[in-house]
Trainee: 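Shown below is the structure under consideration.
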Amino acid sequence: MHTLRPALWGCGLIFCGVLNAQAQEQEGTRYHVALTSNYVFRGISQSDNHAALQGGIDYQHAGGLYAGAWGTTQDIPNTRAHLRADGYGGFNYQSPNGLGFDVGARAYTNAFVVPGQRRDFFWEVYGGLKFGPASFNLAHDFDNQDTYAEGGMTYDLGSGVMLDLHVGHYFIKAADLGDDYTDFGIRVSRMFGDLEASLSVTDTTQEPSNDLNDATLILSGKYRF
């Protein structure tokens, strides 16, 4: 069963804390907290289909450098590590003609592991391109030689409503983590001041099918300050 391999859609480069290639923001630090009905990473529930509390901090330099940390509660079967913490940093840029890129690295770990339990830690390097509504991202885990590729489209539906379409494919090398699979997602979101509300549907082709990788509906709220 493939577990602690957060999307960068549940936490993919589209949904998680990592900054996508986009118009550079003003230099500064931002915080966010979120509550989601199901923490799904690359199509697979990391919270046993239960709610999760999440939060993070991001620093963006006006020149394009950024760094941050992100954490979430989790409930992975057969483990007793109920908190995950990530750290990441990189560089993003968007040209006046709308072409942007994002490169960086991200480390994932189970936090506060109980005595005697192995800490699950790995890190990835990633790179992404964005042009208009389309984006493509690639992440590679050198420890396990796993690679995750994802593409997305973002549409402004008007009245502040945004539509995100996502497809990703996991190329898995480690024999104990199962076979390659594809995940899909559709997300509708809207900002209400500093509060973002979203509704998502995700599914995967992972076999065997179970309640952690089947199609699921996710309701989330994120507050930025």
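Quantities reported herein were computed from a predicted structural model and do not represent experimental measurements. Numbering starts at 1 and runs along the sequence shown.
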Trainee: Give, for atom CG of Asp183 and atom CZ of Arg42, the distance between the pair rounded to the nearest 0.5 Å.
Mentor: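 Going from CG on Asp183 over to CZ on Arg42, the span is 8.5 Å.
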Trainee: Within the 4.5 Å heavy-atom criterion, are Gln60 and Arg30 side-chain neighbours or not?
Mentor: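 Sidechains of Arg30 and Gln60: no contact.
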Trainee: Under the side-chain contact (heavy atoms from CB on, under 4.5 Å) rule, what do Asp179 and Ile172 come out as? Steps first, then yes or no, please.
Mentor: CA-CA 6 Å; Asp179 298 325; Ile172 300 172; over 6 Å; no
Trainee: If you round to the nearest 0.5 Å, how far is CZ of Phe101 from NZ of Lys130?
Mentor: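 CZ of Phe101 is found 14.0 Å from NZ of Lys130.
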Trainee: For the backbone of Asp146 and the side chain of His140, can you confirm whether one donor and one acceptor N or O come within less than 3.5 Å of each other?
Mentor: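 Side chain of His140 to backbone of Asp146, a donor-acceptor pair under 3.5 Å: yes, one is there.
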Trainee: Can you name the closest pair of heavy atoms from Phe91 and Gly63 and give their distance?
Mentor: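 Looking at all heavy atoms of both residues, the shortest contact is CE1-O, 3.1 Å.
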Trainee: Is there a continuous path of hydrophobic side-chain contacts, each under 4.5 Å between heavy atoms, that joins Tyr93 to Leu129?
Mentor: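 Tyr93 clusters together with Leu129.
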Trainee: If we only count heavy atoms from C-beta on, is the Arg106 to Trp70 side-chain gap below 4.5 Å?
Mentor: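 Side-chain contact under 4.5 Å: yes.
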Trainee: I want to check something: taking the side chain as every heavy atom from C-beta on, are Tyr170 and Asp180 in contact at a cut-off of under 4.5 Å?
Mentor: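 In short, these two side chains do not touch, never coming nearer than 4.5 Å.
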Trainee: Check whether any side-chain N or O of Asn97 sits under 3.5 Å from a backbone N or O of Leu99 as a donor-acceptor pair, and report yes or no.
Mentor: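 Yes, Asn97 side chain to Leu99 backbone: donor-acceptor pair under 3.5 Å.
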Trainee: Applying a strict under-4.5 Å side-chain criterion to I, L, V, M, F, W and Y, I'd like to know whether Tyr66 and Tyr31 cluster together.
Mentor: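 Different hydrophobic clusters.
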Trainee: Going by atom types alone, do Ser198 and Ser189 pair a side-chain donor with an acceptor below 3.5 Å?
Mentor: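 Note: Ser198 and Ser189 side chains miss the donor-acceptor criterion.
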Trainee: Under 4.5 Å between side-chain heavy atoms, hopping through other hydrophobics if needed: is there a path connecting Leu53 to Tyr223?
Mentor: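 No; Tyr223 is not reachable from Leu53 via cluster members.
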Trainee: Leu35 and Val40: same hydrophobic cluster, using ILVMFWY side-chain contacts below 4.5 Å?
Mentor: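 Different clusters: Leu35 never reaches Val40 through Ile, Leu, Val, Met, Phe, Trp or Tyr contacts under 4.5 Å.
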Trainee: I need the Asp214 CG to Thr202 OG1 distance, nearest 0.5 Å.
Mentor: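 Nearest 0.5 Å value for the CG-OG1 distance: 9.5 Å.
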Trainee: Could you label the plane-to-plane angle of the Phe171 and His169 rings as parallel, tilted or perpendicular, counting under 30° as parallel and over 60° as perpendicular?
Mentor: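 Perpendicular, since the angle between the ring planes exceeds 60°.
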Trainee: Mind telling me whether Tyr148 and His166 have parallel, tilted or perpendicular rings, with 30° and 60° as the class edges?
Mentor: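 Parallel, since the angle between the ring planes stays under 30°.
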Trainee: Run the side-chain contact (heavy atoms from CB on, under 4.5 Å) check on Gln54 and Thr36 step by step: do they pass?
Mentor: CA-CA 8 Å; Gln54 304 172 338; Thr36 179; 3.8 Å; yes
Trainee: For Gly89 and Tyr126, which heavy atoms make the closest approach, and how far apart are they?
Mentor: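 Minimum heavy-atom separation between Gly89 and Tyr126: O-OH, 3.8 Å.
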Trainee: Roughly how far, to the nearest 0.5 Å, is CG of Asp75 from CG of Leu83?
Mentor: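 Between atom CG of Leu83 and atom CG of Asp75 there are 12.5 Å.
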Trainee: Looking only at heavy atoms, which two atoms of Ala107 and Trp123 are closest? And how far apart?
Mentor: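 It is CA-CB, 3.9 Å.
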Trainee: side-chain contact (heavy atoms from CB on, under 4.5 Å) for Leu163 and Ile186? Distances and angles first, verdict last.
Mentor: CA-CA 7 Å; Leu163 172 68; Ile186 301 174; 3.8 Å; yes
Trainee: Keeping Arg190 on the side-chain end and Ser159 on the backbone end, is there a donor-acceptor pair under 3.5 Å?
Mentor: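 Yes, because the side chain of Arg190 sits within donor-acceptor range (under 3.5 Å) of the backbone of Ser159.
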Trainee: Search all heavy atoms of Leu138 against all heavy atoms of Ala149 and return the closest pair with its distance.
Mentor: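 Shortest heavy-atom contact: CD1-CB, 3.5 Å.
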Trainee: Please report the closest heavy-atom contact between Phe142 and Val125, naming both atoms and the distance.
Mentor: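 The pair with the smallest heavy-atom distance is CE1-CG2, 3.3 Å.
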Trainee: Tell me whether Met162 shares a hydrophobic cluster with Met191, the cluster being built from Ile, Leu, Val, Met, Phe, Trp, Tyr side chains joined at under 4.5 Å.
Mentor: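 Not linked; separate clusters.
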Trainee: Quick check against the 3.5 Å criterion: does Asn92 have a side-chain atom that pairs as donor or acceptor with the backbone of Asp102?
Mentor: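 Here the side-chain-to-backbone pair does not exist.
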Trainee: Look only at the side chain of Thr204 and the backbone of Asn213, and say whether a donor-acceptor pair between them is shorter than 3.5 Å.
Mentor: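 Yes, the answer is positive, given that a donor and an acceptor are paired below the 3.5 Å cut-off.
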Trainee: Side-chain contact test, heavy atoms from C-beta onward, threshold under 4.5 Å: evaluate it for Lys173 versus Asp141 and give yes or no.
Mentor: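 A side-chain contact under 4.5 Å is absent here.
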Trainee: Out of curiosity, Asp211 CG to Ser45 OG, how far, rounded to the nearest 0.5 Å?
Mentor: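 Asp211 CG to Ser45 OG: 8.0 Å, rounded to 0.5 Å.
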Trainee: If you compare all heavy atoms of Ile218 against all heavy atoms of Ser37, which two are closest, and at what distance to 0.1 Å?
Mentor: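 Heavy atoms of Ile218 and Ser37 come nearest at CA-OG, 3.5 Å.
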Trainee: Show your working on side-chain contact (heavy atoms from CB on, under 4.5 Å) between Tyr108 and Arg84 and close with a plain yes or no.
Mentor: CA-CA 7 Å; Tyr108 308 82; Arg84 203 193 92 203; 3.6 Å; yes
Trainee: So, taking the atom named CD1 in Ile76 and the one named OH in Tyr39, what distance separates them when rounded to the nearest 0.5 Å?
Mentor: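 The distance works out to 8.0 Å.
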